[in-house]
Amino acid sequence: MSDSVKISITQAQTSRYRVLGTSRHGEEVRRTNALIIVSGKTADGTEYRGFGEAHFRSEFADSIKPSWEFLEYAMHALEHREFAYSTDDALVEIEGFLSSLGPEFLGSLPEPVTDEHGNAIELTFRGALLGLETALLDLVAKASGATVAELLGGQISVPSEIALHKVTQTNRVEIIQEVRVLLEESGAGNSPLWLDFGRRLGMEIAGRWPRRIIDEFGDATSREFVIYHPLLGSLEAEYKSLQATYSIKGVKQSHPQVRLAIDSNEPVSQAGEFQNGILVLKPALLGGVIATRRLLATLQPAEDIQIFLADDENSASVHHAVLKELAASLPAVSGVISPSSNSRNAETCTNGLGVLPDFEQVLKSEFVRYAASGSLLDVVGPKFNVFSELPYLQPLGPNGTKGHLMEREALALGLSSVRYSKGAFIASDSDDKSLVFKWSRSPLTSAVALSMCTHKEATRLRLSEFGVPVPQGRTFRNGDLATAKKYADVIGFPVVVKPAMGVRGIGVVAGIANQEELDIAFRQLGDSKLGRQDFIVEKHVHGQDYRIVVIGDEVVAAILRKPASVVGDGKHTVAELVLRKNAQRRLNPHLWGRPIIFDDAAEFQLEKAGLTPSSIPEIGANAMLSNSCSLSQGGDSWDVLDEMHPSIKEAAVAAVKAIPELAFCGVDFLLEDHTKPLSEQDAGICELNAHAAIGNCEFPMYGKPRAVAATFMDLCVDTYGMKVKAERSPELSVKVRVRGRVVGVGYRAWMHQLATEYGVRGYVQNTGKRSVTAVLTGPTDPVSALVAAAVLGPKDAKPTSVTTIHVPATTNKTFVIRATKKASV
Amino acid sequence: MANVDTDKLSAVEYDQFDGVLALSSALEAGLKVDLYPRQVLICANDAGQSLSFVHGLPATSGLAPVTFAQDKRMRRSMMERLGFPVPKGATFSLGHGVTLAKKFARTIGYPVSVKPAIGDNGIEAFVGLTGASGIDKALSYLSQPTYIRDEFSRAAYGLTELREPGYDDEGNLTVPPGYMFLLEKHPIGRYVRFLVIDGKVVSAIDCNGIPSTGGFTKGFRVLEDLDPQTIDLVSRAAKVIPGLDVVSMDLIIPNLSAPLREQEVFIVEFSERPGLWLQHKVDVSLAFEMGREILATYAANEQVVVPPSNETRQGTLHIHALPDAEGSVKAISQSAKNHGIEFSVAEVDQLAGSMEAQIKAQAIDIALFMNALLGGEVDGIPAMRSKFVASN
């Protein structure tokens, strides 16, 4: 085979995402799919992209974690791999590559994969392999200018596409009524009506349904009925007997035919004993697309036997397409059945599978993870920050830094602590002088300050009194839209609408240009979580959104917050860029739980720019995805402290001084240009945050990180005259006592695993029925993070407090679990 | 304060009471007062030295301390660690903990109390429940979203609930499943309400009826009658959360005349708010006295000089952020007069949305009027700032 018919893989990407499905019992369940994108280049430089869809399903015995790790491994294994794209060789090479991938992955693991009881799990990766196979088939088919069906052996037929209707009712009368409605809704066609009974009938009742259908509908229609999954899961072995029952029933020529469809996981050649039945096959269970093709290619089923391929209940466009292509290449296969609830929104393309993935489904999923060959750090444009402490902070959850950073600084200064929750702790010195903290709420700031700052109108009036620039505006009672609309005319458009006591940008609509847009904004605010509040209409200040952090009398950090966007690299689609950007954000301790949210607003922004999720923006082109600068909505943070004009810093400090006892504040300043004097630009402070996040400036996406927590803690200990170390300690050795439900729940093993991963030395042991004690020695970042995580513990633990005191460094070289301490006699 | 119209004060909601008295005290003291929504009060003397309050709490009560005080689990845990007597108790979630809570109640024994675990203290308590049906009744109330609960209030500095309400099996709207409640043993004895200002116990009221259930009917001053050890216990307990300048606390004491060492007492309520509505029900003058004491202590600690007191004030009242200033004159004037205030409009600026008036009245009447104005109770007019500068 010459190089001229090879395609070389340039990149492989996968995104695992969650979809909502329905269990056999009608309950909502979460299932996991993964979209696979394999990019390749032929010798003439032409680039192609193949798409696949993996399903992690219990029926494949594939649990999610190892399946995902396998896919991550596969992405790297695919990079630079070459595949022939001539028909003869392509299938052999793809099958060969995939057959070796599973064993290679398992061989690369340091120890066998086990279940929660420590038993080894046999992994097949069927769902993941089918997705990889689909992507490679799509890729090489496109490279050869063919459809996947043609690649598989030829487009022989146009397969039927059957909608599978789920029977939702449970008693006979209601089921019949449901079927009657289905018949009416499905019109006068003569295609079979497939009824999925959801595996809930016994043998006797299941056997009665053909007669019932004939009795009820025999005179009304001549359509064929297919009954699918009638028997309880425990009666799977009885289908052959049931099939006999259906055949024996005997049906008059004039009556509709009722047939039974049976899942088959066996090679079809062995299923010849069925009569007048339908076999339903899942290619994943038969070894994949190519293997299924091989099994069925020469099969000539009896006349009264039909074979269908079954789509997955929660599949998307790509999986459905590969089933159709497979069916099209096989004369023995009549068609593909899909649950009628499956909705697909696929763009089409030529060759390969003929469809593009439904990127929106992935982007809008509540849970998405991304992996790719190559490095995530390869980006067009400015390089983003990567923080070494990230692994230590992840067990704390998406908002973990908020409650941890101040305790880290307290411990680094030699204070002891008692933590009561993820957010709340007390720091004490050796004289028992104590300070309390919850998130960024401190004893330095007053309750008065927060009460004023969370009321935007009060803040505006107060700042205005002190000569600080604020946008002109007014607060209105909830529902008083008429007065608010008149007021907007008085101050002039554009205006901003926001809740009177807002947080995190919820309900805020900016840049409202006229009365019609104002009506829309009122509706959006009303529908938001804060829609019951009074609301504000204020003049829109033209400028960018800055968060300036003031501690005491000093500006200690400043970031520019830009709305969510992605920068084109000429290679990836908008959807892939969003997935990559969110994966990059997961490397940032503050942003890792704050992905770009792909919602209607994002689609609107793309539409304005003439883009869709499938568009590939040019190199350097910026694709906007939001008009909100909120980092929680996917916005970017850029450190600008050193460039900020002194007049802006002075105004920020003046604003904070206007509020009683406000020691730590995030000033939200709208500015045209942070490098210019305030007097030379349109500017206004739109909000003061008395309990602002600390992590956004401590961990900016771009630019220099600022030690906000350390500065804040320094001010706290200075103000209260706490006895602390002269300098922050880079190493800690602490004794931690955790109280609560922490014994018999795997707490020690959990701590051992984390401490070992973090390189923390020491030990952990049970010291009572409801207490565990550990000594942790190591660098300040991991040790303090472990102290913070200790109040969470493993899944079944319920710690109520964590007491941390400083002790001499342990002599242990590693972290060990000590035997339970016996009570002293 | 013989001239005070007690009926007028009685109409003030319990969660507004402390704020009104703080404002009244500041007006009496001749300070310039600047009132913002949610009872944020900033007042200053002629030298520009200022004091500030929210809901009657001085600014010396820190944000983190008041947040701690609003978390009953943490507060109980801190007290237990330091050896202060709290009843046996635990917190549970409404979504997953109801069965466990009932089991816990059987373990510790009835009667028990059920309260929200987080939020304003001294409200929505279900006390003396003698069986599981009582717990069900309490949880039936607490499972309603807070915005439809009659007794609910949230301090301006309280944590905002951003979790979505859910629906129960019957389709009724409920609080989020993670909503927590406290279940604790209900001890037997007299409820005594203490007020502690800057570490000093300044009031103790023997209660008829339970304050936190709304069942309080009347009370008696007992500060002088109690065992000094009990007073000392209360004073020390008020410092468990460092950084609170004012604390009100309910103890259950089996025998008020018995020494502490001879009986088991329990701390059952702890609030960062003064809760002067209770003192007002005992003796109107006591509530005013306590309000003045809070201001005086705060001013002394901050070394702010307070002018001589005067119960009647006259001066200039400024009202800001009126969407229709001219259209508001009639309603505001009428309301002022209804509050017993001599009120004469001096200037109205329609564009700026402001109004200025010359007024004269008793400090408490001015306070009630300003509080009503900022609370949107004057014809629904959304005034957002009201400033008074005395001329006498």
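For the numbers below, each heavy atom of this structure counts, side chains included, while hydrogens, waters and symmetry mates do not. All chains are named by letter (A, B, ...) in the order of the sequence lines, taking the proteins before the strands, and each is independently numbered beginning at 1. All values derive from a computational prediction rather than experimental measurement.
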Picking from [options], which has the most non-hydrogen pairs under 4.5 angstrom with chain B?
{"options": "A:Lys438, A:His455, A:Glu661, A:Arg474", "answer": "A:Arg474"}
{"options": "A:Ala484, A:Ala663, A:Ser442, A:Ala424", "answer": "A:Ser442"}
{"options": "A:Ser801, A:Ala458, A:Cys453, A:Ser421", "answer": "A:Ala458"}
{"options": "A:Thr445, A:Val490, A:Leu435, A:Ile491", "answer": "A:Thr445"}

Do [X] side-chain atoms and [Y] backbone N/O form a donor-acceptor pair below 3.5 Å?
{"X": "A:Asp429", "Y": "A:Lys723", "answer": "yes"}
{"X": "A:Arg419", "Y": "A:Gly403", "answer": "yes"}
{"X": "B:Gln350", "Y": "B:Glu326", "answer": "yes"}
{"X": "B:Ser61", "Y": "B:Asp245", "answer": "yes"}
{"X": "A:Tyr720", "Y": "A:Leu715", "answer": "no"}
{"X": "A:Glu457", "Y": "A:Thr475", "answer": "yes"}

Next on the checklist: Tell me whether B:Gln303 at atom CD has more than 12 heavy atoms from other residues, nucleotides or ligands lying less than 6.0 Å away.
Outcome noted: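 Incorrect, the count does not exceed 12.
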Checklist entry - Do other residues, nucleotides or ligands put more than 12 heavy atoms under 6.0 Å from A:Lys539 NZ? => result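 Yes - once you tally the heavy atoms of other residues, nucleotides and ligands closer than 6.0 Å, there are more than 12.
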Checklist entry - Will you find, in the side chains of B:Gln16 and B:Asn371, an N or O donor that is under 3.5 Å from an N or O acceptor? => result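 There is such a pair (donor and acceptor under 3.5 Å, judged by atom type) between the side chains of B:Gln16 and B:Asn371.
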For the interface with chain A, which of [options] has the highest count of heavy-atom pairs at distances below 4.5 Å?
{"options": "B:Thr60, B:Val66, B:Ile42", "result": "B:Ile42"}
{"options": "B:Gly243, B:Pro65, B:Ser50", "result": "B:Pro65"}
{"options": "B:His320, B:Arg73, B:His55, B:Glu272", "result": "B:Arg73"}

Residue part contacting chain A, namely of [X], when any heavy atom lies under 4.5 Å:
{"X": "B:Asp324", "result": "neither"}
{"X": "B:Leu35", "result": "neither"}
{"X": "B:Phe68", "result": "side chain"}
{"X": "B:Tyr157", "result": "both"}
{"X": "B:Leu51", "result": "neither"}
{"X": "B:Leu244", "result": "neither"}
{"X": "B:Arg38", "result": "side chain"}
{"X": "B:Ala352", "result": "backbone"}
{"X": "B:Lys239", "result": "neither"}

Checklist entry - At what distance, to the nearest 0.5 angstrom, does CD1 of B:Ile241 lie from CG of B:Asp71? => result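 Spacing of CD1 (B:Ile241) from CG (B:Asp71) equals 9.0 Å.
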Region of [X] in contact with chain B, defined by heavy-atom distances below 4.5 Å:
{"X": "A:Arg739", "answer": "side chain"}
{"X": "A:Ser440", "answer": "neither"}
{"X": "A:Phe437", "answer": "backbone"}
{"X": "A:Thr483", "answer": "side chain"}
{"X": "A:Phe664", "answer": "neither"}
{"X": "A:Glu465", "answer": "side chain"}

Checklist entry - In terms of the angle between their ring planes, are A:Phe522 and A:Phe535 parallel, tilted or perpendicular, with boundaries placed at 30° and 60°? => result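 Perpendicular, since the angle between the ring planes exceeds 60°.
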Next on the checklist: On a heavy-atom basis, which atom in A:Ala449 and which in A:Pro660 lie closest, and how many Å separate them?
Outcome noted: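 Where A:Ala449 meets A:Pro660 most closely, the heavy atoms are CB-O, 3.2 Å.
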Checklist entry - Which atoms form the tightest heavy-atom contact between A:Met452 and B:Val40, and what is the distance? => result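 So the minimum-distance heavy-atom pair works out to CE-CG1, 3.8 Å.
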